[in-house]
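Beneath this line is the structure, given in structure tokens, with notes to follow.
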Amino acid sequence: MRALRILLIIAVVLGGIFVIVDRFAVNFAEGEVADRLKSTENLSTTPDVSINGFPFLTQIAGGSLDEVRIGIQEYEAGTGDGKQNIRIEDLRADMKGVEFSGDFSSATAADATGTASVTYDELLKTAKSESTQVGPGVTAGVIGLSDGGNGKIKVAVEATVLGTKLPEPVSVLSSVTVVDGDTVRVHADALPAFGGIEMAEARVREITDFEQKIDGLPGGIKLDKVEAGKSGVDITVRGSDVRLAG
């Protein structure tokens with residue numbers, strides 16, 4: 001019995017040592033992945049990286065990780081024109097089935113899902129804010145975006161009719177959708193009326209409707225769904241064969 005107790009104590013101690021070594025190894029690996037991502041994606045800050053699944057050392061031996069979660073604050077994504085970027089406030093991705101090379105120089109996730117958010121101020125950069133003629137004696141321009149409730153965006157349009165600026169901006173409820181996996185589209189549900197003057201729909205939609213392309217996301221992940229939120233649009237991202245490094 002004494003020998004059995006000794007063996008049990010040894011097993012518990014060794015198990016504890018293994019857990020400590022395993023956690024040390026995963027913490028080290030998370031730091032390495034974070035540094036590599038910061039370098040390859042030209043990030044201004046070090047991303048948060050969490051490698052899930054236990055034991056980690058067994059996953060390493062098999063050349064595959066169950067799950068890697070990544071969080072990036074203030075990611076600068078491209079807009080397709082090569083002139084300006086759009087800032088994503090909070091980009092988070094959950095990578096599944098991450099295969100990596102023997103020297104850890106490359107890693108690819110079988111699937112990835114996540115979320116991102118873009119503030120209304122960032123999205124407003126694409127809207128036509130300068131005053132533009134939309135009808136006889138009517139000029140208008142977008143001056144603000146906000147949450148319209150029920151997943152809609154409220155577009156505030158400032159208008160001048162026959163030389164007189166309207167006392168209050170006209171509010172336009174708009175739907176927001178993802179197009180082609182890389183573009184956020186804002187489309188007015190119903191066109192506004194400015195002083196009862198008849199205007200061509202196409203001219204008015206030049207003001208109320210607009211698109212924002214968002215490309216160059218890490219590993220080639222794409223936009224999936226979008227919905228208006230309290231302070232901006234909340235985006236769901238998705239991808240397959242996503243490259244984390246290499």
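Since we're looking at a predicted model, the values are computed, not measured.
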Q) Is there a side-chain contact between V68 and V49 (heavy atoms, below 4.5 Å)? A) yes
Those residues at least two apart in sequence (or on a different chain) that pass side chain to side chain donor-acceptor pair (under 3.5 Å) with S231 are none
Q) Is any side-chain heavy atom of I207 closer than 4.5 Å to a side-chain heavy atom of T132? A) yes
- Dump the intermediate steps for side chain to side chain contact (heavy atoms under 4.5 Å, CB included) on I51 and V98, then the final yes or no. CA-CA 10 Å; I51 299 175; V98 181; over 6 Å; no
With a 4.5 Å cut-off on side-chain heavy-atom distances among I, L, V, M, F, W and Y, is there a chain of contacts connecting F210 to L173? no
>> Under a 3.5 Å distance rule, please check whether R205 uses its side chain to pair with a backbone N or O of A188 as donor and acceptor.
In response: yes
Output for pair (D66 CG, M95 CE), nearest 0.5 Å, gives 15.0 Å
Decide whether K152 and S175 meet the rule of one side-chain donor and one side-chain acceptor closer than 3.5 Å. yes
**Q.** Cluster overlap L145 with L191, hydrophobic side-chain contacts below 4.5 Å
**A.** yes
Sorted by chain and residue number, the side chain to side chain donor-acceptor pair (under 3.5 Å) partners of T183 (sequence neighbours excluded) come out as none
When rounded to the nearest 0.5 Å, the distance separating CD1 of I214 from OH of Y75 is 11.5 Å
Discussion item. Could you tell me if the side chain of P218 sits less than 4.5 Å from the side chain of I72, heavy atoms only?
Written reply: yes
Margin query: Evaluate V233 against L123 for side chain to side chain contact (heavy atoms under 4.5 Å, CB included), listing each step before the verdict.
Written below: CA-CA 8 Å; V233 291; L123 196 59; 4.0 Å; yes
Distance col, row E89:CD vs S117:OG, nearest 0.5 angstrom, shows 6.0 Å
Could you check if a side-chain atom of T208 sits within less than 4.5 angstrom of a side-chain atom of V204, using non-hydrogen atoms only?
-> yes
Output for pair (L124 CG, S146 OG), nearest 0.5 Å, gives 10.5 Å
Would you call E227 and K225 a salt bridge, using N to O less than 4.0 angstrom? no
Point to revise | salt_bridge(K96, D111) N-O dist < 4.0 Å | key: no
Interatomic distance, OG@S50 vs CD1@I70, rounded to 0.5 Å, equals 10.0 Å
- Task: Check whether any side-chain heavy atom of V155 lies under 4.5 Å from a side-chain heavy atom of V170, and answer yes or no.
- Result: no
task: Check the pair R203, E201 against salt bridge (Lys or Arg N to Asp or Glu O under 4.0 Å), reporting the backbone distance first and the verdict last.
output: CA-CA 5 Å; R203 295 298 300 274; E201 178 177 344; over 6 Å; no
- prompt: Is the backbone N or O of E122 less than 3.5 Å from a side-chain atom of T119, with the two atoms forming a donor-acceptor pair by type?
  reply: yes
| query | Any side-chain heavy atom of V161 within less than 4.5 Å of one from L166? | reply | yes
D90 vs R92, test: salt bridge (Lys or Arg N to Asp or Glu O under 4.0 Å). Steps then yes/no.
CA-CA 6 Å; D90 189 12; R92 298 194 174 276; 3.3 Å; yes
With a 4.5 Å heavy-atom cut-off, do Q212 and I86 have their side chains touching? yes
Hydrophobic cluster membership, L43 vs L217, 4.5 Å side-chain cutoff
yes
Shortest non-hydrogen pair, G181 vs K222, comes out as O-CB, 3.5 Å
Non-hydrogen side-chain atoms of T115 and D234 separated by less than 4.5 Å: no
| request: Could you tell me whether the side chain of Y120 and the main chain of G229 form a donor-acceptor pair under 3.5 Å? | output: yes
Just by modelled atom types, is the E67 backbone N or O under 3.5 Å from a matching donor or acceptor in the D94 side chain? no
When rounded to the nearest 0.5 Å, the distance separating CD of Q133 from OG1 of T139 is 7.5 Å
Only one of L223, L91, V176 passes side-chain contact (heavy atoms from CB on, under 4.5 Å) with I235, and that residue is L223
Item to check | K154/V172 under side chain to side chain contact (heavy atoms under 4.5 Å, CB included): CA gap, chis, key distance, verdict | outcome: CA-CA 6 Å; K154 183 166 67 175; V172 181; over 6 Å; no
